[in-house]
Amino acid sequence: RLMLSMAAASCVGAGAFLLPTAQQTTDLAQRTSAKRLSAHSGSTQGQSDFSMTRASLVLGGLLAAAACRRQTRQQLTRSVSMKDIDALTIDDLPSYWRPKVSIGMARRFNEVKGIERQLEKTFFLMAFNRDHMLGREVEEARSLFPPTCKVRVLKNNLVRKAMEGTEWAQLGPLLVGSNMFVFVESDRDLKPAIQAYIKMEKSFDRTAKLDAIKEEKGDDLTYDMKPLVGGIMSEEWDVLDGPGVLKLKDFPTKTELIGQIAGSIKQVTTKLAVGIRQVPTKLAIGIKATVEKGEEEGKSTVGEVA
């Protein structure tokens with residue numbers, strides 16, 4: 001902008017010299033005639049200085065305009081190399097074909113592909129409402145979650161498009177309003193992620209704010225606005241509403257489950273071993289008593305005693 005302003009100022013200044021008014025032209029001619037009669041050499045020097053000034057201003061304006069044009073071209077340069085173009089495959093093309101694709105459509109397609117790749121490595125996905133949240137609050141909310149979780153503001157239509165043809169699509173009907181999505185990649189981060197949401201909801205008083213919004217909009221609100229939209233877990237594929245997601249705050253990891261099972265098995269094994277050890281002892285005591293009884297009665301075998 002500075003360079004453009006300099007160019008404009010230079011061009012205006014140059015125009016003032018290159019296109020003088022009629023009165024300026026008449027005065028200049030009269031002064032020139034008088035000077036020609038008095039001192040021809042002095043008049044020649046003045047005209048030379050005048051011409052140099054005009055030439056300098058014109059040259060400055062042209063240089064500034066050229067620099068501005070060069071900067072504009074650099075900003076419009078696309079960061080796509082021939083190597084990237086040659087690496088394209090049929091899988092990189094949209095699932096539908098259009099004779100003309102705008103830059104916006106290409107960006108949305110790329111965003112859908114990114115969501116699809118993220119879903120492939122996601123263990124748990126949940127969405128919560130962000131209506132009337134300031135940019136500062138959004139960043140603070142994102143910082144509460146574990147760094148290994150992906151917390152993104154995404155359009156519902158793009159998320160539904162990425163879910164098409166997968167088990168994740170069951171969550172699609174719940175996605176209404178303006179939402180933030182939390183992608184939990186490991187079961188170790190599930191409990192901290194739920195606890196982070198609970199802390200965020202209390203810190204920003206989301207329930208009270210959404211109740212105020214619903215009361216203000218009244219019948220104009222076309223959907224049920226909830227602080228926590230819902231979630232879904234891979235492998236199980238059960239769609240959870242808000243209260244169902246909150247129950248996962250004490251969800252044990254696979255490692256914790258294995259430890260609990262191993263502990264239970266150890267307790268059962270110990271009790272079983274104690275019982276097995278007691279059986280031979282009792283059996284031996286019983287056999288000894290039977291033999292002694294037989295000897296007293298004059299019987300030589302256990303079968304005779306029985």
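Because only heavy atoms are used, hydrogens play no part in the values below, and waters and symmetry mates are left out as well, while side chains stay in. Here, residue 1 is the first one in the sequence, and each next residue gets the next number. The model shown is predicted, which means the values in this text are computed figures rather than measured ones.
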What distance separates [X] [atom1] from [Y] [atom2], expressed to the nearest 0.5 Å?
| X | Y | atom1 | atom2 | answer |
| --- | --- | --- | --- | --- |
| S234 | D187 | OG | CG | 9.5 Å |
| R160 | E164 | CZ | CD | 10.5 Å |
| R117 | T122 | CZ | OG1 | 12.5 Å |
| R108 | S102 | CZ | OG | 5.5 Å |

Taking the side chain as every heavy atom from C-beta outward, state whether [X] and [Y] have any atom pair closer than 4.5 Å.
| X | Y | answer |
| --- | --- | --- |
| M163 | L119 | yes |
| Y197 | L228 | yes |
| L175 | L171 | yes |
| T166 | W237 | no |
| E140 | R136 | yes |
| K249 | I198 | yes |
| D238 | M233 | no |
| K150 | Q118 | yes |

Does a salt bridge link E116 with K113, judged by any charged N lying under 4.0 Å from a carboxylate O?
yes
Starting from [Y], can I reach [X] by hopping between I/L/V/M/F/W/Y residues whose side chains sit under 4.5 Å apart?
| X | Y | answer |
| --- | --- | --- |
| I194 | M200 | yes |
| V151 | I115 | no |
| F145 | L248 | yes |
| F109 | V159 | no |
| L144 | V184 | yes |

Atom NZ of K226 with >12 non-hydrogen neighbours under 6.0 angstrom
no
Under 6.0 Å from the NZ atom of K155, do we count more than 12 heavy atoms belonging to anything else shown?
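For K155, atom NZ is not crowded (no more than 12 foreign heavy atoms under 6.0 Å).
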Work out which heavy atom in [X] is nearest to a heavy atom in [Y]; give both atom names and the distance.
| X | Y | value |
| --- | --- | --- |
| N156 | G177 | ND2-O, 2.7 Å |
| T148 | D189 | OG1-OD2, 2.6 Å |
| L174 | V239 | CD1-CG1, 3.5 Å |
| R188 | P192 | O-CD, 3.4 Å |

Please report the C-alpha distance between E139 and R142 in whole Å, then the side-chain angles of each, then the deciding distance to 0.1 Å, and finally whether the salt bridge (Lys or Arg N to Asp or Glu O under 4.0 Å) criterion is met.
CA-CA 5 Å; E139 293 302 322; R142 182 181 285 112; 2.9 Å; yes
Let me know which of V153, L154, V229 forms a side chain to side chain contact (heavy atoms under 4.5 Å, CB included) with N179.
V229
Just do the side-chain hydrogen bond (donor to acceptor under 3.5 Å, both in side chains) check on E201 and T207 with the steps written out, would you?
CA-CA 7 Å; E201 182 179 337; T207 302; 2.9 Å; yes
Verify whether one side chain among N110 and R107 offers a donor that lies under 3.5 Å from an acceptor in the other.
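Looking only at side-chain atoms, R107 and N110 do not form any donor-acceptor pair under 3.5 Å.
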Side-chain atoms of residues 123-131: list all donor-acceptor pairs with protein atoms under 3.5 Å, sequence neighbours left out, distances to 0.1 Å.
residue : atom : partner : partner atom : Å
N129    : OD1  : D131    : N            : 2.8
N129    : OD1  : R206    : NH2          : 3.1
N129    : ND2  : D131    : OD2          : 2.9
R130    : NH1  : S178    : OG           : 2.8
D131    : OD2  : Y223    : OH           : 3.3

Decide salt bridge (Lys or Arg N to Asp or Glu O under 4.0 Å) for D211 and K214; before the verdict, give the C-alpha distance in whole Å, the side-chain angles of both, and the deciding distance to 0.1 Å.
CA-CA 5 Å; D211 290 341; K214 288 189 289 186; 3.6 Å; yes
